[in-house]
Amino acid sequence: MTGAASAHYPAVADEKFLPPDAIVEHAYVQGLPAYRELYELSLSDPESFWSEQAKTLTWQKKWSSPICKYNLDVDNGPVHISWFDGAETNLAWNAVDRNVEAGLGDRVAFYWEGNDEGVERTMTYSELKSTVCRIANYLKSVGVKRGDDVTMYMSLVPELPAAMLACARIGAVHSVVFGGFSAEALADRILDSAPNVVITASGTMRGPKPIPLKTIVDEALHICECKGHTVQHVLVLEQLPLSDLNGSMKPGRDVTWREAVDSQLDECPVEWMPAEAPLFKLYTSGSTGKPKGVLHTTGGYMVGAMVTTKFVFDVHPASDVYWCTADCGWITGHTYVTYGPLLLGATQVLFEGVPTWPDASRCWSIVDKYKVTIFYTAPTAIRALHAKGDAFVTRHSRSSLRLLGSVGEPINPEAWRWYYEVVGGGRCPIVDTWWQTETGSHMITPLPGATPLKPGCATLPFFGVDPAVLDEKGNELQGPCEGMLVMKRPWPSMMRTVAGDHKRFEQTYFSAFKGYYFTGDGCRRDADGYYWITGRVDDVLNISGHRIGTAEVESALVSHPSCVEAAVVAVEHAIKGHSIYAFVTLMTGAEPSDALRKELISTVRRVIGPFAAPDVIHWAPGLPKTRSGKIMRRVLRKIAAREEDQLGDISTLADPSVVQQLVDLRGK
Ligand code: 6R9
């Protein structure tokens, strides 16, 4: 046992941190045996386990038996997953109206804290209901119906989750695009789902930087028009004055929130939707091609979001104040900002800004201001704050905190210890939650009142989750082992398809290992049966917890007229976890220069977004390739990490001399 917090967490031999009594006493699941019992039941009798959980929500029509039907084996016909067949429900009803009807209308749903200190708003459940209804009525007034797509491109203001709920209310399918994506990336996503309506804001500040959201939407819609899709309606929330951003309102297409939404009626009937009706698309990066629209449906996603929020964060809605720092542009913001907390009737903080603005104490000042009890963030934020020193943390009390969470990438044990000892004062369990856009909700995670923790480990499967570890040939490994993480059966909030491309869904997730869902992650299972996620085993990069495909960055680089070929690898980075290192081959006649380097980086920023910008451009007259033409990234990774003494076997390279050439050009 290391560290100063041993007084609170009794140590055990292999450094396990046991749940503190104060947490266990009030937890929904108390102690490891209680977890194991419920877990066994969830696998042996899914019908009764999930019925029991789902019963706490409102269903207009009940499901029929069996509760889940599926085929995960491509050799047995199309992959197919359905939960709660025959049932009808509405997510907005469950997340909003149900709480108002239960007498919680005056309970705060959102404490909104803007980018700049002193800019704040509070929204109760009743007010949220009116806002959702007004937006829903606006959407209906411009012709949006069940099954239609609506795209949102906004910062984290209460209107964003409200707009998502407005879609859910009328059966429309939302597609939220993170406000850090470029116009081109936004255009790609709009073209894929072809919405008639885009919801945005004039612009906002991110830290000290203005983000001209409306101008970016205008550019994106221009690109869409050139490619044959015209968006008919753009709804604009006035945040920064429109004139400051040069954003012009296009008559007939663009309307302000004030004129279009505020005047609507604040009642709107809900559409009762089949359990398997699409709820949203969220675009995410894979190892090949363009980002894919991960499609989630209504009933199973709702149950998964509610149940994980309840058990993993141990949310007690009457007394907790919950804060997840994620933006709604990512899956974490969908499940653990918009849906999960509201389904429980909880009070949460929404924060529009960044943790280091105006300085590195912002999070802890917000924690004290709203008496936050549950705090959920990403390792990259934890590392960035750790680097600024303890004083920013310790100048605030943080005494309200009782539980911490982590998501997005493996958390290194050093960051874990700092989070736990300094931020949590040694009182607060850390739930390190492993899951994916595709899984919809937490999959491998501790339960705070039950699971002994190990720093850097996502620990044990959640209820209903049936993981296995496979070797390269697809054999299931037993006991302690290391290999590929797969799932043996479906869970309610699992994605159902790739929007418009079911073949790609089958190809990406079910073709590597027949009969299993393949996560794309590697993992190690230890003697306690704990799962340690070791990171992606495919060509997906994880930069500051954001997923980016190598293929996307490479094709952005190659779109520059001077670049003929590019290969991208990840290298370790103290704050971001990993950063992007790009090897670039230039066209004959193009000369390496600092100006060209800057142009290449800004091309990636423009095509994908600033977060995908490479940190290093390494000039590469040639790339290490096999005789069949495959780039050997393994070799590039070693060169980037300055470990060329550990290259291993390079005899299969078509031209082994490129390796020395690349080493000589490093830093040039
Ligand atoms: C929720 C989210 C998914 C990928 C996933 C894995 C990595 C997420 C993690 C983690 C280790 C954790 N990942 N949480 N790795 N420990 N607690 O981040 O979804 O953006 O789709 O990324 O992120 O590699 O496969 P998404």
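Whatever order the structure lists ligands and atoms in, that order sets their numbers, starting from 1.
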Visitor: Strictly under 4.0 angstrom, heavy-atom based: which residues surround ligand 1?
Guide: I331, T332, V407, G408, E409, P410, D432, T433, W434, W435, Q436, T437, D521, I533, R536, N542, R547

Visitor: Identify which one of R633, R634, R547 satisfies the salt bridge (Lys or Arg N to Asp or Glu O under 4.0 Å) criterion when paired with D539.
Guide: R633

Visitor: Indicate the ring-plane relationship of F17 and Y420, choosing parallel, tilted or perpendicular according to the 30° and 60° boundaries.
Guide: perpendicular

Visitor: Assess the residue pair H546 and F611 against the criterion (ring-ring contact (aromatic ring centres under 6.0 Å, His included)); give the C-alpha distance rounded to whole Å, side-chain angles, the decisive distance to 0.1 Å, and a yes or no.
Guide: CA-CA 8 Å; H546 295 161; F611 58 88; 5.0 Å; yes

Visitor: Kindly say whether the aromatic ring centers of Y322 and Y376 come within a distance under 6.0 Å.
Guide: no

Visitor: Enumerate the salt bridge (Lys or Arg N to Asp or Glu O under 4.0 Å) contacts for residues 511-522, please, sequence neighbours excluded, ordered by first and then second residue.
Guide: D75-K514

Visitor: How far apart are the closest heavy atoms of C363 and P355, and which atoms are they?
Guide: SG-CB, 3.7 Å

